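Sequence lines set the chain letters: A, B, ... in the order given, protein chains first and strands last, and positions in each chain run from 1. Quick caveat, the model's predicted, so the values are computed rather than measured.
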Amino acid sequence: MATATQFRTCPTTGLRVDLKAENLIKANAVAAVIFLAVGGFFGLLVGLTRWPAVHLLPADWFYLALTAHGLDVLIVWIIFFEMAILYFASAILLNSRLAGPRWAWLGFGLMVVGAVVVNIAVLQGGSTVMFTSYVPMKAAPHFYLGIILFAVGALIGCFVFFGTLVVAKEERTYQGSIPLVTFGALTAAIIAVFTIASGAIILIPTLLWSMGLISHIDSLMYKTIWWAMGHSSQQVNVSAHVAVWYAIAAIVLGARTLSEKVSRTAFLLYILFLQLASAHHLLVEPGISSEWKIFNTSYAMYLAVLGSMIHGMTVPGSIEAAQRHRGLNRGLFEWLRKAPWGNPAFSGMFLSLIMFGFIGGISGVVMGTEQLNIIMHNTLYTPGHFHGTVVAGTTLAFMAITYLIIPLIFRRELVMKKIAQWQPYVFSIGVAGLSLFMMGAGTLGVSRRHWDMTFADAALKFDYPEAAFLMMGLNGLSAILAALGGIMYIAVVVGSVLFGKRTTEQSLPKLNVIASYGSADSVKVPGTVVMVAVFFTAFVLYYFINWKYLSEIWPLS
Amino acid sequence: MAVVPPTERIWWKERIAKVEIMWVAIAFLWGLVMFFMMIYWHGAGKQNISNEAYRTDPAVFAQKAQAMAEQYKVREEAGIPVVHPPPGSDVYLIARLWQWWPILELEKDKAYRLHLMSMDWQHGFSAQPVNLNLQIHPNYDMVLTVTPDQAGEFGIICNEYCGIGHHTMVGRLYVKE
């Protein structure tokens, strides 16, 4: 096998690139971007329908578009892209051939078929059950089948990744331990296996139930196990996009992490504790004990949150240390001011880091607090939160690294460089608006997954406050801005891949590796310390403000 | 460099910068504060979910709600009975496609044992503008002791997607001085 593998040498990194791995990375990235376009389009329709003054779609189409939006972006776009990241972090970074490229193509094929089947099921109209497909609401059998096929394909991809780690170790293609980015990808892949196993445990019986072969599926059990898949898959995303943050900081700025030990331990905390998060969706559910809820929702005393808070410091810390090492030493923030803000890979990565922490991270911990969930569950606060994590965090980070994948893997120069430069900013403002305005509307009680906040067709009336309507209007405007950012991204990617100039050795980015910052005692990152202090203050204040809100609602026991 | 193997082969023995250790310690302690806050609220706070629930047949639950509605009905609105059960009693609220039944009329600052259950799919109980949200399942009779401490007219919105009529599923709740 090994002799049949063809390599090229990357002029930027000097690494051997397995051409089969390269083709797989391309295929997965292209599939990802196609489904991002489809899912993003449905998302825009949803945002415009929830804008009361526009109210674009009729009810049945709204719920259908919302189901398709969730599936296409939250599952299909992200997981296709994660497959590309897994192959990149294994074969490419380890200087190795990819294990079992045919298996990888089989996995890719299954994922494509699964994604197409589930989209057909949704568009046929008989499976408007939302992304979560809570029983006893029933979808057509091929809805579940599509997801299962997609998941099996992704599982094969994970095992190709594990196999490549073994091959690289056996064939000694690298020295010492695997790189941190590969370590992060390994974290993602391990959680993915748990995720997909949970998905199989619940979706296979549900498929049989929708075919009439099983008579009953308990709704509470379904939710518990479904979210062992549903939430864990978001933890796959977190691990993957944190790995991407480290990768971009390394490739663009030559940054190395402050301490391998701390950063790797933070990833390890993800593996050990993130899977408990199914509880986040069960906090106001009947018949589950508070002991279970508290232990699980806090990832056993917030140990996975600890992991994210560590990365939240070590990623900007490594950037600051690298910049200061280059002599950008004046004041607290010269290193940040003079960062390459015109490089969309860097700006996208840094905006992703900030928004994931401040918007997605804080709101997630607050909403995942047992009692605080009472004032947020199933309101628009929930999608507000996860647009802060999955869109502002994961999607933006993946967009950012695309600007490196195009020259390094597709070997094309970016077209429309100006548009590429602006893209992360436009998308970020849109997504930040989406998240914050939805959270605002949710705080005012507006329901998620709801076609008509005026309740025009209801027998009994209820009026939300005026401010809630304002929030939803601003949310609609933000959706347009985010969609514009998405279109800019897709235009640059498609344009570059199809029409970009071939890269030459001169046009490729140069790696500017910083081997070390000196000893542990000499590391100075005062700017990062200030940023972390601001984050921590915001976190603590916002956390206790919500307890204050909770204390004002009706007593319950 | 995060994209190449660590420079120190034995990376798990490397020394850690003080600033990192500090942050890890602060973040860990903050996690403990947040963890114990939930437990503290079970003792000191007034808003906790009992987690009391019973597996029940929808027909049995509907019968109980029917009996309560017949006994304590005071009037009707939009064809739905308005029910004023005595304080301290067991009150039943049915969630079904696409209705909350009946309309409850409660007294301010009085405690009630509120039973919630779905007759069909999952629903979301969202009392507005209080912003009190609970998930309602079929086959599970969820019981909470609730003490409304504001008088007025409240909406009960369904906030779990339950099909094409989801957005018409609005109920009402009165709290009298």
Side-chain angles (χ1 to χ4, degrees), chain A residues 59-60 93 130 134 136-137 174-177 179-181 219-220 246-247 250 256-262 284-290 294 298 301-302 305-306 309-310 313 369-371 374-375 377-378 445 447 449-452 455 457-460 462 513 520 523 550 553-557, chain B residues 1-7 9 11-12 14-17 19-20 23-24 27-28 31-32 34-35 38-39 41-42 45-51 53 78 121-122 124 126 128-135 137-138 140 142 144-149 155 157 159-161 164 167-168 170-172:
Chain A
D60 53 345
L93 290 185
M130 299 293 133
Y134 288 153
M137 190 183 283
Y174 64 98
Q175 299 287 315
S177 301
L180 181 60
V181 171
S219 59
L220 198 52
Y246 281 114
R256 61 180 286 274
T257 185
L258 299 178
S259 147
E260 294 279 352
K261 178 153 78 177
V262 171
V284 294
E285 232 74 8
I288 299 174
S289 74
S290 283
I294 290 174
S298 69
M301 301 193 181
Y302 292 97
V305 173
L306 176 63
M309 287 174 79
I310 292 172
M313 186 221 174
T369 303
E370 192 205 1
Q371 296 94 336
I374 298 170
I375 56 174
H377 177 78
N378 270 358
S447 165
R449 297 173 165 179
H450 199 285
W451 179 66
D452 181 17
F455 308 107
D457 302 333
L460 298 166
F462 176 75
V513 183
V523 173
L550 177 73
I553 72 163
W554 298 353
L556 293 172
S557 58
Chain B
M1 268 289 274
V3 291
V4 295
T7 38
R9 233 188 127 90
W11 52 264
W12 58 92
E14 70 186 4
R15 294 192 48 223
I16 304 169
V19 60
E20 279 199 279
W23 176 237
V24 173
F28 178 72
L32 290 185
M34 293 193 295
F35 180 79
M38 290 189 280
I39 297 169
W41 199 261
H42 274 278
K46 288 197 178 126
Q47 292 80 13
N48 289 289
I49 292 177
S50 69
N51 297 311
W121 293 344
Q122 292 187 38
S126 178
Q128 296 298 344
V130 189
N131 211 5
L132 193 173
N133 305 285
L134 303 164
Q135 185 82 13
H137 284 257
Y140 288 92
M142 181 183 200
L144 302 124
T145 302
V146 57
T147 314
D149 59 2
I157 313 301
N159 70 5
E160 182 59 78
Y161 170 69
I164 191 65
H167 46 272
T168 65
V170 181
R172 191 168 288 169

Inset, instruction - Can you tell which part of B:Trp23 gets under 4.5 Å to a heavy atom of chain A, answering side chain, backbone, both or neither? - result: side chain
Inset, instruction - Begin with the C-alpha distance, continue with both residues' side-chain angles, and end with the deciding distance and a verdict on side chain to side chain contact (heavy atoms under 4.5 Å, CB included) for A:Met137 and B:Gln122. - result: CA-CA 8 Å; A:Met137 190 183 283; B:Gln122 292 187 38; over 6 Å; no
Inset, instruction - State, yes or no, whether a side-chain contact exists between B:Pro129 and A:Phe462 at a heavy-atom distance under 4.5 Å. - result: yes
Inset, instruction - Would you mind checking which part of A:Ser289 comes under 4.5 Å of any heavy atom in chain B, side chain (CB onward), backbone (N, CA, C, O), both or neither? - result: backbone
Legend entry - Distance-only polar pair, side chains of A:Asp457 and B:Thr168, donor-acceptor under 3.5 Å: no
Inset, instruction - With a 4.5 Å cut-off on heavy-atom pairs, point out which of A:Val305, A:Val262, A:Thr369, A:Ile310 contacts chain B the most. - result: A:Val262
Legend entry - Options A:Glu370, A:Met301, A:Arg449, ranked by heavy-atom pairs under 4.5 Å with chain B, top entry: A:Met301
Inset, instruction - Could you pull out the closest heavy-atom pair between A:Leu306 and B:Val24, with the gap in Å? - result: CD1-O, 3.7 Å
Inset, instruction - Look at A:Gly287, A:Gly445, A:Gly176 and state which one has the largest set of heavy-atom pairs under 4.5 Å with chain B. - result: A:Gly445
Legend entry - Proximal component of B:Ile164, with respect to chain A [non-hydrogen, under 4.5 Å]: both
Inset, instruction - Begin with the C-alpha distance, continue with both residues' side-chain angles, and end with the deciding distance and a verdict on side chain to side chain contact (heavy atoms under 4.5 Å, CB included) for B:Gln47 and A:Ile375. - result: CA-CA 10 Å; B:Gln47 292 80 13; A:Ile375 56 174; over 6 Å; no
Legend entry - Toward chain B, the part of A:Ile288 with a non-hydrogen atom under 4.5 Å: backbone
